[in-house]
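Right, one structure below, let's go through it.
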Amino acid sequence: MDGSMVLPVIIFLPLVGAAAIALIAPSRSTVLKPVAVATSAATGALTLWLMAAFDKNDGDFQFTQLTEWIGSAGISWHVGVDGISLFLVVLTGVLFPLAIVACDPPHDAKAYYIWLLVLETGCLGVFLSLDLVLFFLFFEVVLIPMYFLIGSWGHENRKYAATKFFLFTMLGSALMLVGMLTLALLAKDYSDTGEITFNLIELANSAGELPTITARWIFLSFALAFAVKVPIFPVHTWLPDAHTEAPTAGSVILAGVMLKLGTYGLVRFGLYLFPEASRYFAPLLFTLGVIGILYGAVVATMQRDLKRLVAYSSVAHLGFIVLGIFSINTEGIEGGLLQMVNHGLSTGALFLLVGFIYERRHTRQISEMIGLQKAAPVLAAVFTVVMLSSVGLPGLNGFVGEFLILAGAFVAHRWWAVVAAAGVILAALYLLWAYQRVFHGTPDDANRSMPDLNWQEKLVMLPLVGLIVFLGVYPKPVIERMEPAVNALIEHMEDIEGFESPTVDDRPEGSFEDLRTLTDDYGSDEGEGH
Amino acid sequence: MSTLVDLVWLIPAFPLAGVLILMAMGRRLGEPRAGWLATAMMGGSFIATVLVFIGLVGHEGDEREIVVTLFEWVPAGKLAVDIGFLADPLSITMALFVTGVGALIHLYSIGYMHGDEGFSKFFIYLNLFAFSMLMLVLGDNLLLTFLGWEGVGACSYLLISFWFTDEANASAGKKAFVTNRVGDWGFLVAMLLAFLTFGSLQYGEIFFDLEQNGVAASTASAIVVLLLVGAAGKSAQFPLHIWLPDAMAGPTPVSALIHAATMVTAGVYLLTRMNPIIAASHDWVPDLIMWVGLGTALMAATIAVAQNDIKKVLAYSTVSQLGFMFVAVGSGAYVAAIFHMVTHAFFKALLFLGAGSVIHGMDGDQDIRRYGGLARLLPITSLTFVAGWLAIAGVPPFSGFWSKDEILAYAYGENKVLWLLLLITAILTAFYMTRLVLMTFFGPPRWTDEEVEAEADEEAEHALPHRHPHESPWTMTVPLVMLAGLAMVAGVINLPFASDVHFLGNWLKPSLLGNEGHLSFGGGTQWVLAIVAIVGSLGGVSAGAAVYIRRRIDPARIEHPFLARAWRVDEIVTNFMGGPGRRAFERTTQFDEQVVDGAVNATGTLVRRTGTKLRASQTGLVRSYALGIAVGAVALLVWFITRAGF
Amino acid sequence: MVTASWYLILAAALFTIGAVGLLVRRNPLIMFMCVELMLNAVNLTFITFGRELNDIGGQVSVFFVLVVAAAEVVVGLAIVVAINRRRPQATADDLSALRG
Amino acid sequence: MLSIFAQVDIPHIEWLPLIPHVVMAGAAVVLLTIVSVAGRWLPRWFPAAWTVAAGLAVLATAIPVWIRAWQEGPHSVVAGSIGVDGFSVFIIVLLACTVVLTALVSDGFLQRESLDGPAFYVLLMLSATGGIAMASANNLIVLFLGLEILSLAVYVLVAMHLRRAESQEAGIKYFVLGAFASAFLLYGIALVYGATGSLNLIGIEGALRTNDLSDNGLLLAGMAMLLVGFGFKVAAVPFHAWTPDVYQGAPSPVVSYMAAGVKAAGFAALLRVFFAGFGEVADEWQPVIFGLAIASLAVGSLMAIVQTDVKRILAYSSISHAGFILVGVQAATHDGVASVLFYLAAYAAMAIGSFAVVTVVSGPGDEGTALDNLRGLASRRPLLAAGFTVLLLSQAGIPFTAGFWAKFEVITAAVDARSFWLAVIAMLAAVVAAFLYLRIVVAMFLDAPDPDAPRLHIPRGPALAITIVVLFTLAFGIYPEPLLSLADDAWLNLRLRAH
Amino acid sequence: METAVFIVCAAIVLAGALGVVLARNPVHAALSLVGTLFGMAVLFLNLEAHFLAAVQIIVYAGAIVVLFLFVIMLLGVDRLEDLSVEPITGQRALAAIVGLGTFGLAVAFLLSGDIGLRSVGILKLDIAGTGQYSNLRQIADVLFTDYVYAFEATAALLTISVVGAVVMSRRMARSDEAQETAEDD
């Protein structure tokens with residue numbers, strides 16, 4: 001297929017699927033799910049193809065497509081993928097089919113699948129657009145499907161949660177629009193053409209000319225929007241409600257994909273557009289990140305609602321990601337990006353499992369579950385693996401990202417990293433405690449009869465667990481595709497603003513052989529032991 | 001050059017294969033085939049290790065560090081970490097006894113876990129543990145070691161809470177993992193600091209860089225201290241030792257393999273591995289290690305005196321013995337540390353398996369007060385147990401004597417007070433082990449005696465009226481016998497008499513990079529010290545006999561409650577966690593609900609309230625609307641009048 | 001000699017009286033009358049300016065204002081009549097069903 | 001006598017630009033005659049069809065005028081009292097569309113309520129004529145007359161539902177306040193006349209350009225009074241109080257016309273006078289608009305969220321929309337004007353659609369306008385609910401609806417004029433407002449329908465109208481370029497060629 | 001002379017206006033409105049707007065006020081309005097303030113701004129009518145030239161008022177009107 005057309009196809013294929021579903025007659029409701037699965041799976045396949053076709057040595061945007069859209073306003077249809085966005089796209093492509101397969105809606109299946117597919121289009125659009133307005137459009141429009149998913153198929157308190165989610169996030173992005181316009185209009189004055197444009201790349205290249213203070217204000221307006229989406233402490237409180245009330249698929253997508261819109265935005269539109277400002281505010285942001293790590297963990301420990309607990313664990317994990325991003329060096333940013341994918345997989349899987357339990361027990365209260373491992377060993381085993389990955393056990397995906405983040409952060413801001421590392425302890429605390437309360441112990445009558453995973457659910461968990469292990473053992477394919485883009489980003493920042501990305505200074509390569517040549521006399525002066 | 005050494009990757013590959021196979025078809029294999037498969041894998045792994053060992057011996061004395069890299073693991077920016085194995089004397093020594101003892105314990109487990117519904121799962125975990133342990137040992141960089149480090153932690157978590165239906169086991173597992181995590185934090189930060197300092201995590205590169213460019217003593221000290229935190233967590237040193245006694249909740253083979261022979265020694269291994277950095281750090285750092293070790297050793301020994309659970313006694317003795325090893329490391333006696341590690345692996349595994357056999361025979365009862373006179377009924381067990389007892393008590397020529405003596409010698413060289421306290425610890429060791437042996441195998445059988453039972457009922461939840469203690473199946477006794485043999489003769493691998501019989505010492509030299517400490521005094525002093533040690537241990541034994549056979553002193557006066565309650569360290573920690581700690585957590589949660597989220601909802605209500613207030617202005621009376629318009633008009637006029645010129 | 005300002009101030013006064021009247025009276029008809037007062041004030045202003053500017057525009061405007069006033073009154077009274085058919089004697093304050 | 005007429009030179013009248021005016025007014029009068037002559041032989045649908053035809057005719061005739069204005073640039077005819085420029089044509093087209101759609105919406109409604117059909121349409125078209133006059137008036141008196149024509153007709157339309165007390169109450173309120181406000185407006189005109197010596201915007205603009213009147217008391221007072229009048233028409237705080245009551249009381253189709261048409265005409269007049277006429281002294285009035293904008297945004301959105309009647313909710317939201325449009329006015333730039341035009345078009349679509357839905361849902365007697373009457377609409381009438389949702393989201397400014405681009409353009413204009421804080425406040429108000437649209441959506445989708453709700457009958461006319469506006473909203477939400485450039489080309493200025 | 005006339009008429013105008021505002025009986029209010037209108041007419045004469053003076057009398061006094069009176073009689077709303085009470089709290093106080101404000105500010109503005117540029121009037125005429133053209137002629141002249149559009153527009157205005165009057169005065173079917181009134185009272 002023609003390279004430049006693949007991205008539009010990826011973005012709009014789910015939408016087409018949604019349209020198709022809309023046209024299905026109510027009488028033939030059995031075909032709804034197959035169609036939804038098929039479209040999302042096809043999209044997933046395309047994203048995988050994209051990953052395969054992606055040139056891993058090229059740090060620049062690939063598969064770009066640029067056509068004028070709203071000329072008078074300088075808005076263009078500009079999409080492209082680079083190492084930074086690639087795996088988020090793949091993650092989206094992978095998670096959606098799984099989420100759709102995993103759980104069936106109790107009612108109004110048609111609307112349900114339509115919204116999910118629309119949501120997928122929105123998320124893909126966010127990750128792929130290289131035009132500020134285009135990005136903003138997708139960034140805003142994802143609220144609608146998620147709002148309806150939570151509102152129509154959520155749990156008891158869904159209206160409150162949905163509205164809170166909608167308004168909170170909208171409030172965040174409200175100011176971003178102003179910031180965006182300010183940026184573009186100011187850039188117009190500096191640009192040689194005098195034409196207004198929202199083209200990300202052009203704006204980024206002229207980023208140096210912005211007055212420092214202005215740039216900082218604009219950055220703040222962006223950062224706020226993303227901070228809410230991430231969410232960064234203290235603007236995180238929409239998240240537990242939304243996650244808890246959302247239907248399982250909703251939570252999976254929310255945690256797996258939508259939170260990444262924020263962190264992705266921070267990289268793509270924070271660091272890239274505002275090198276100086278992002279460095280200026282970095283201390284603020286990674287401090288908040290570290291607070292989030294500890295705070296999220298502490299609050300999670302005390303939750304009585306299993307889903308809520310997982311939700312708060314997201315706060316902690318995303319704190320790590322923010323910390324990595326704003327240590328502004330290769331290790332940190334790559335760790336952050338990697339962790340985005342990892343968190344998507346592990347937390348997505350966790351929400352799926354919690355959802356499975358909910359379908360069986362119709363409760364999320366930890367206190368009402370006990371000894372489930374007896375009743376459902378397979379479920380428990382999968383849960384253990386996912387949990388350990390979320391705890392950051394080496395050999396599973398969670399660890400690699402976390403370590404890279406810590407390495408980057410440590411190089412940049414030692415003490416923050418030291419504190420953040422303590423989050424590792426807490427993570428173990430709340431998850432293991434929850435696991436103990438839910439799965440260990442002797443099951444009572446209510447829990448003894450709980451059925452184990454069925455084949456469909458196993459089918460869903462298999463790829464997730466597989467990826468969790470694979471990325472833990474062999475993350476290289478991901479990292480090596482990210483690296484050129486990340487380096488390009490850092491170089492861009494250094495060019496624009498002439499600062500040195502904090503990093504380890506080069507050391508001579510050496511090994512035991514060299515060591516011997518260096519100290520060939522060692523061991524000779526051994527005084528005899530006796 | 002040598003192909004044999006290149007086989008090093010096989011060593012962990014075997015258990016890993018075991019894990020995968022069992023995961024795939026463990027259920028179908030069922031008992032006992034699953035167990036045999038796992039054991040076979042460990043055997044294979046042991047053989048591979050031997051081959052590598054042979055290959056390594058084939059090398060020149062100072063070219064015995066071979067790095068075999070499989071593939072790049074985390075290549076990100078300046079950080080480049082491989083999945084690579086370091087085959088050098090130290091790692092292979094460790095690998096040898098890990099696989100060897102491991103294989104035996106696997107075999108033992110086949111019998112021990114007979115009839116357990118989680119039979120194959122148990123062996124999955126065991127193999128997984130062996131794999132992680134070998135990664136820990138063989139990894140050629142800190143990160144890979146850390147992988148093994150955390151892996152063994154996770155496995156111990158899984159194995160401790162293996163019988164998860166009992167809450168106690170579950171929380172013991174959690175406690176172990178979380179406490180370990182505290183240590184891991186130290187390890188993690190140490191790695192970060194090492195990465196920042198040396199720009200790499202590979203041992204070779206770190207040491208090379210250290211040798212060539214040196215490093216600030218303060219940095220080195222920081223790294224070591226952080227590593228010490230990690231090591232203390234894993235090797236159950238004060239104050240992170242609290243998890244180990246609880247860990248006895250797991251099946252006994254687990255205690256033997258993980259919490260005696262292998263995992264808990266990882267801390268010692270790590271410190272030994274990083275010896276160049278210890279050498280590069282301030283002088284107080286080794287001393288710190290030393291005193292931590294000593295303190296732990298002494299404290300644990302005193303506690304062991306007062307324990308009544310056979311496994312608890314052994315657990316505290318393990319803690320104490322690990323303390324010895326730390327003292328050795330601290331005093332630069334790395335060889336002694338490893339030596340003691342090896343011998344300890346043998347006799348402590350032996351003791352645990354013996355204990356397991358006893359428990360097995362006593363249908364799961366672990367309270368030594370209800371034992372007694374089992375020697376007749378469990379002949380093999382008791383014989384082998386005695387061997388282990390003599391070994392740990394430090395009675396020559398049993399292995400324990402040699403290693404402990406060497407440590408004492410170095411301690412003496414470092415600091416006389418230290419030596420004295422360590423000696424006391426050794427005596428205590430002899431004492432409480434004697435107590436254990438006597439109460440278990442000799443004296444009148446108390447397991448039929450009603451009145452003791454009645455008294456025991458108070459703390460033991462189940463009294464067992466009619467018991468028929470019986471010897472264990474051969475799968476369990478064979479390992480006992482083999483380990484007993486090793487425990488007796490293992491001393492020969494490092495005899496002090498002359499440098500050329502100081503095999504282990506010479507063998508380990510390349511790994512120690514010339515940082516091995518040297519005794520500052522001549523052979524004469526050593527003889528004296530050795531004799532003192534012997535006397536001490538014999539004294540301990542006889543004291544034990546005096547108390548527990550002849551009843552010269554009322555045991556109750558020795559088994560002081562304060563000791564029985566493990567110096568209350570555990571309680572203090574628990575009280576803190578359950579008290580202030582928990583309260584702080586709850587406060588934070590309330591803060592989140594009431595302040596952070598409260599602010600959000602408050603904004604909402606505020607907006608709503610304002611709306612309602614404004615609503616009052618909409619009276620529905622046309623004249624007040626008109627008034628509004630008029631007021632507006634006046635307002636505009638007022639604005640414009642300010643712009644008018646007069 | 002009377003300057004234009006006198007007329008203008010008179011107009012302003014008239015306008016004010018009309019406005020205040022509309023605010024204080026409850027009878028719709030009288031409110032309309034008050035509107036008429038305001039319009040008259042405007043007329044006076046127009047004509048004064050017209051004279052000062054020596055421009056006929058002012059007077060023409062007044063002509064149109066008269067037409068508008070007439071039309072307005074017709075419609076207004078029609079509405080009042082319709083309301084009164086349903087609610088006799090209704091004052092402006094009585095019609096406050098729509099509020100909030 | 002002859003000699004006299006010889007000396008009176010009737011000005012050369014160029015008819016082309018006047019055709020839309022004539023068509024609209026003429027259609028009304030002709031309809032009036034037809035029905036009064038042959039009323040009883042006519043089918044019920046005739047007046048509606050006629051009105052639609054008239055509206056379309058106006059659209060058609062507007063095209064040549066647009067071309068003319070495009071070729072010759074802005075100029076004025078009839079002795080400078082009627083401006084011919086893209087701006088006026090844009091508004092004329094908008095009004096024509098409003099008339100067409102309102103006619104469609106009212107079809108069925110009038111039968112349901114058994115109201116006097118022909119008169120309704122006659123008044124509708126005459127009112128639109130007034131709007132057209134306002135939009136293209138270059139002479140303050142013409143503008144005033146246009147405004148009065150517009151308003152008088154609407155007063156009657158509002159009050160004409162004789163079976164509903166609310167309708168008449170709304171009528172009298174609107175009338176009294178309207179008369180009151182237009183008295184202020186008129187006084188303003190007089191004062192401006194006094195200050196500049198001209199009633200013609202061209203003259204006024206010239207006067208202000210040639211000499212500095214920025215501190216002339218008469219001019220300033222005049223502007224103040226004019227703002228009162230216009231502020232009333234566009235329902236800007238503090239001249240807004242009538243809006244909710246009138247919107248609630250008036251027959252729903254009339255409201256859709258008021259929200260779309262009357263507001264548009266009001267803003268057209270406002271821009272014509274202040275941007276084109278008083279452009280020179282923009283510094284004097286911009287701050288006032290700033291204040292009005294903020295007040296309208298705040299009050300509109302804050303009061304809307306506590307309402308329980310859909311018509312009232314929409315009324316208050318229309319106030320906050322007025323605030324948004326004022327943000328564009330405040331910029332006082334060409335882009336600002338363009339953004340206002342775009343916003344007016346987009347808002348017209350949303351408003352007509354929304355009130356059309358209300359018309360359909362409210363049921364006999366036009367009573368069921370409470371939020372509860374919408375509960376569970378999604379399950380009763382999925383398509384209707386979906387369409388309404390689209391319109392509401394458009395009002396909330398969600399991407400891929402015309403409403404988003406409307407806000408986008410307005411904010412752009414404001415930022416370009418460096419009024420950052422106004423832009424920020426506007427966006428915040430938009431978030432607050434979003435909540436109330438969500439409330440309606442929640443009612444439709446997330447609430448259960450009450451079982452004994454009567455089955456909804458959707459007449460053809462409203463159905464068609466809603467379909468049109470929804471498609472419009474979505475189409476220009478996805479590809480706003482045509483409408484944007486149209487608004488951009490709709491130049492409003494008075495640099496004239498003599499005619 | 002002019003001064004005297006002005007003072008007298010001003011007095012009448014204001015008196016009438018106050019009468020409208022203060023009269024409790026609508027009829028009286030209407031009559032005092034007539035007074036105002038007459039005074040206004042004379043002032044028009046003073047300002048050389050002879051034609052308008054005439055129109056003022058005919059249209060206003062003649063037509064509009066009569067219309068008012070008809071309606072008052074028709075509806076019998078000659079009930080006295082009690083001005084001593086003000087149901088809306090603060091209405092009067094605010095009204096007074098507003099009144100003073102409006103008046104004061106208006107005066108201030110009027111005095112601050114000089115009546116603009118005599119140069120830019122569209123049409124230069126000697127409106128005193130001393131020349132060959134009478135005031136009426138001049139108005140007519142402008143009306144049919146410059147203001148022809150506005151003049152035509154008034155047609156629409158009047159049509160609306162007629163249609164509006166018809167629509168509003170259209171009676172509903174007896175029955176439902178009865179029940180309407182029934183449920184109203």
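Just so it is clear: chains get the letters A, B, ... in the order the sequence lines come, proteins before strands, and each one is counted from 1.
- Ion pairing of E/Glu86 with B/Arg623 is present here, as a side-chain N (NZ or NE/NH1/NH2) and a carboxylate O approach within less than 4.0 Å.
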Verdict with reasoning, B/Thr619 to B/Ser624, per side chain to side chain donor-acceptor pair (under 3.5 Å): CA-CA 7 Å; B/Thr619 56; B/Ser624 44; 2.8 Å; yes
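- Scanning all heavy atoms of the two residues, the minimum distance from E/Gly39 to E/Val13 falls at C-CG2, 3.7 Å.
- Both the backbone and the side chain of B/Ala630 come within less than 4.5 Å of a heavy atom of chain E.
- The parts of B/Leu637 that come within reach of chain E are both its backbone and its side chain, each placing non-hydrogen atoms under 4.5 angstrom from that chain.
- For the pair B/Lys174 and B/Tyr157, the cation-pi test (distance below 6.0 Å, angle within 45°) is failed.
- Contacts from residues 574-597 of chain B to chain E, taken as heavy-atom pairs separated by less than 4.5 Å, involve no residues at all.
- B/Ser171 places a side-chain N or O within donor-acceptor distance of the main-chain N or O of B/Glu167, the cut-off being under 3.5 Å.
- Between B/Tyr625 and B/Gln618, some side-chain heavy-atom pair lies under the 4.5 Å cut-off.
- Taking both residues in full, the closest heavy atoms of B/Trp149 and B/Asp184 are given as NE1-OD1, 2.7 Å, listed atom of the first, atom of the second, then distance.
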